[in-house]
Amino acid sequence: MFTLIKKNGGARLGRFETVHSTVETPGFMNVATCAAIKGGVSAFDLQELKTQVMLCNTYHLHLRPSDTLVKDMGGLHKFTGWNKMILTDSGGFQVFSLSQLRKIKEEGVYFASHIDGRRIFMGPEESMRIQSNLASTVAMAFDECVANPSTHEYSKLAAERTERWLWRCKDEMERLNSRSDTINKKQLLFGINQGCVYDDLRVKNMEKIVKLDLDGYAIGGLAVGETAQEMYRIIAAVEPYMPVDKPRYLMGVGKPGNIIEGVRRGVDLFDCVMPSRNARHGHLFTWKGIINLNNAKYDRDENPVDETCGCPCCKNHTRAYLKHLFKAEELLAGRLAVMHNLYFYNTLMEKIREALINDEFESFYEKYSKLLDTRI
RNA sequence: GGGAGAGUUCCCGAGCGGCCAAAGGGAGCAGACUGUAAAUCUGCCGUCAACGACUUCGGUGGUUCGAAUCCACCCUCUCCCA
């Protein structure tokens, strides 16, 4: 159940109560595609990183270790040791990112496994069944995320197919939630808005999927090649059509600045691989901008990554040490850097919420929306 | 003392008369990364007034229109025999 607490302009402060935990929004979901945060960060580490939600992937976990195994192990919460909200992505994004390895049909998508080339099929029903087995808190609809650029004609076709898939997702989820052997019988389902960069398709699609009265709504298919300005325009175009009393999730976004812009336009939830992936590549977020720890200038830097940061890495280590770990290819480098970046993102969301509570979001926006994405 | 082999740009290592400023690694330097086929990928990596010029392949001298590549001597290293 979602409660809208207050607004600052378009920005929303809210609370999303689920069977596993209550999520304060705006919130950032930490990506753990294969049921693990890449970089060697465990569920027990997430406790001290202010993590609220873990995000896992249907496609990846179906292939390995298999959703039936996870079900036999008691579901993702028991399996990973994470007891708060888990959102599972549907595999829809893989329709986009594994474009060389798949074929899309009305019934669903035929993939070649990226692990061993084995042919697999996934449609709305399969995705729901897998996510039900995984027993996440929130399941995402199985959608098609089209590449950018795509023609208006194709984007329309894909968005309408995604709508039809959504009906099937809803039916299957209701069926699964009523089964006695389902682990999480209160599994929620979020619908996903598509339509590429075309406002008319986006709005029409949103109007249709809202009628299904799902537990939340996501804006998908963004940050896949269009400009940031186009992305903001689409969010603004579609937002008036989204239910006020349901969480809104901007999928796969993004840079700190993108998130602040998203919040300003009424988005409640975000996720992105950027903090974890970039961390593994030595790019660290700070309250003064982004640093690349691989740069020679940090060789003898005695400061922590960020002086104001309370993460385990900043409390214990210098930039010089972390830089050394990266150059020496020590696993510890990735672990510490990922912990820092996730803590940074989670703290960013916390500060956004504080700003909203204090009715200071606009000044927060002015201060940080550009600064945090700047390289220093 | 006798015999065999080797010395290439920061390192390893190809090249063995012109297409060589010299393959390929590594290191170094920088960049990218947005619902993770990513602990990945890309670029630069002799010098300069730089679509050209200059100096480099242990040293010196030679052969040749032309040499990292051929010859002579020298220096250094490795291995084998005494």
Side-chain angles (χ1 to χ4, degrees), chain A residues 28-41 53-61 63-64 87-102 111-118 127 131 136 138-146 148 190-194 216 218-228 230-231 249-259 261-262 267 269-285 290 292-299 323 325-338 341 345 373 375:
Chain A
F28 180 79
M29 306 191 275
N30 294 197
V31 179
T33 302
C34 298
I37 306 273
K38 291 194 193 298
V41 176
V53 185
M54 200 161 95
L55 185 153
C56 301
N57 190 286
T58 299
Y59 166 82
H60 296 259
L61 293 173
L63 292 185
R64 190 165 56 193
L87 180 140
T88 40
D89 189 23
S90 61
F93 187 70
Q94 281 60 47
V95 177
F96 161 74
S97 69
L98 301 175
S99 60
Q100 304 302 310
L101 303 173
R102 50 78 170 147
F111 286 96
S113 158
H114 72 279
I115 297 168
D116 60 7
R118 178 182 121 229
S127 179
Q131 294 186 77
S136 56
V138 174
M140 294 304 300
F142 186 69
D143 64 333
E144 178 185 351
C145 174
V146 301
N148 188 284
F190 282 17
I192 305 175
N193 172 248
Q194 291 289 351
I219 305 173
L222 291 180
V224 290
E226 82 288 356
T227 65
E230 284 181 291
M231 173 167 79
Y249 162 29
L250 179 57
M251 305 186 80
V253 176
K255 296 177 186 176
N258 298 148
I259 289 176
E261 296 282 359
V267 177
L269 290 168
F270 302 83
D271 83 283
C272 190
V273 303
M274 190 167 277
S276 48
R277 180 187 289 168
N278 286 22
R280 278 178 278 124
H281 300 162
H283 284 230
L284 288 272
F285 294 92
I290 300 164
N292 180 355
L293 222 40
N294 292 300
N295 290 169
K297 61 182 171 182
Y298 300 115
D299 276 346
K323 192 209 151 164
L325 296 179
F326 269 108
K327 288 297 175 180
E329 294 182 60
E330 287 292 337
L331 259 34
L332 184 56
R335 172 170 157 79
L336 291 173
V338 169
N341 274 359
Y345 265 66
D373 290 355
R375 277 291 301 276

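To find a chain, count down the sequence lines: A is the first, B the second, and so on, and within it residues start at 1. In this text, all values refer to a predicted model and were calculated from it rather than measured experimentally.
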Every protein N/O within reach of nucleotides 42-46 of chain B N/O, cut-off under 3.5 Å:
none

Can you check nucleotides 24-27 of chain B for protein contacts, nitrogen or oxygen pairs under 3.5 Å, and list what you find?
none

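Within 4.0 Å (heavy atoms only), A/Lys297 reaches no atom of the nucleic acid at all. If you check every strand for non-hydrogen atoms under 4.0 Å, A/Leu87 touches nothing.
Annotation: B/U64 and B/C71 have their C1' atoms spaced 12 Å apart (nearest Å). To the nearest whole angstrom, the two C1' atoms, one in B/C75 and one in B/G24, are 30 Å apart. For the P atoms, the distance from B/C45 to B/A22 is 10 Å, rounded to whole Å. Using P as the reference atom, B/G58 and B/A6 are 13 Å apart when rounded to the nearest Å. Comparing the C1' positions of B/C48 and B/A39 gives an interatomic distance of 39 Å, to the nearest angstrom. Distance noted for atom P between B/C77 and B/U55: 32 Å (whole Å). Nucleotides B/A82 and B/G28 are separated by 47 Å at their P atoms, to the nearest Å. Taking atom P on both nucleotides, B/A53 is separated from B/U63 by 27 Å, rounded to a whole Å.
Across all strands shown, B/G1 forms a Watson-Crick or G-U wobble pair with B/C81, both key distances being under 3.5 Å. For B/G7, the paired base is B/C75 (Watson-Crick or G-U wobble, both distances below 3.5 Å). Nucleotide B/C54: paired with B/G46 (Watson-Crick or G-U wobble, both distances less than 3.5 Å). Summarising the base pairing, B/G31 is matched to B/C41 through a Watson-Crick or G-U wobble pair whose two defining distances lie under 3.5 Å. Base pairing annotation: B/C19 forms no Watson-Crick or G-U wobble pair, as no partner gives both donor-acceptor distances under 3.5 Å. The base-pairing partner of B/U36, taking Watson-Crick or G-U wobble contacts with both distances under 3.5 Å, does not exist among the strands shown. Pair assignment for B/G24 gives B/C12, based on Watson-Crick or G-U wobble hydrogen-bonding distances that are each under 3.5 Å. Using the Watson-Crick or G-U wobble rule with both distances under 3.5 Å, B/U63 pairs with nothing in any strand shown.
Note that OG1 of A/Thr88 and CD of A/Gln131 are 3.5 Å apart. Values are rounded to the nearest 0.5 Å. Here the straight-line distance linking atom CE of A/Met140 with atom CG of A/Leu87 works out to 6.0 Å at 0.5 Å rounding. Distance check, rounded to the nearest 0.5 Å: SG of A/Cys272 to CG of A/Asn30 gives 11.0 Å. Atoms CZ and OH, on A/Arg64 and A/Tyr59 in that order, are 10.0 Å from each other to the nearest 0.5 Å.
Of all the heavy atoms in A/Gly91 and A/Phe111, the pair that sits closest is O-CZ, 4.2 Å. Looking at every heavy atom in both residues, A/Ala112 comes nearest to A/Gly117 through CB-O, 3.9 Å. When all heavy atoms are compared, the tightest approach of A/Ser90 to A/Ala141 is OG-O, 2.8 Å.
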Query - Criterion side chain to side chain contact (heavy atoms under 4.5 Å, CB included) on A/Asp89 and A/Thr58, from CA distance to verdict - result: CA-CA 6 Å; A/Asp89 189 23; A/Thr58 299; 5.6 Å; no
Query raised in the report: Given the rule in the ring-ring contact (aromatic ring centres under 6.0 Å, His included) test, do A/Tyr345 and A/Phe270 qualify, once you have shown the distances and angles that lead to the verdict?
Result: CA-CA 10 Å; A/Tyr345 265 66; A/Phe270 302 83; 9.6 Å; no
Query raised in the report: How far apart are the C-alpha atoms of A/Gln94 and A/Asn57, what are their side-chain angles, what is the distance that settles it, and do they pass the side-chain hydrogen bond (donor to acceptor under 3.5 Å, both in side chains) test?
Result: CA-CA 9 Å; A/Gln94 281 60 47; A/Asn57 190 286; 3.0 Å; yes
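Within the 3.5 Å criterion, the main-chain N or O of A/Ala223 finds a donor-acceptor partner in the side chain of A/Glu226.
Listed pair A/Asn295 / B/G31 meets the phosphate criterion, a side-chain N or O lying under 4.0 Å from OP1 or OP2.
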Query raised in the report: Just by protein heavy atoms under 4.0 Å, how would nucleotides 32-38 of chain B read 5' to 3' in B, S and -?
Result: BBBBBBB
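The only member of A/Val224, A/Asn193, A/Leu222, A/Ile192 that meets side-chain contact (heavy atoms from CB on, under 4.5 Å) when paired with A/Met251 is A/Ile192. The side-chain contact (heavy atoms from CB on, under 4.5 Å) test with A/Leu250 singles out one residue from A/Leu269, A/Asp271, A/Ile219, A/Ile259, and that residue is A/Ile219.
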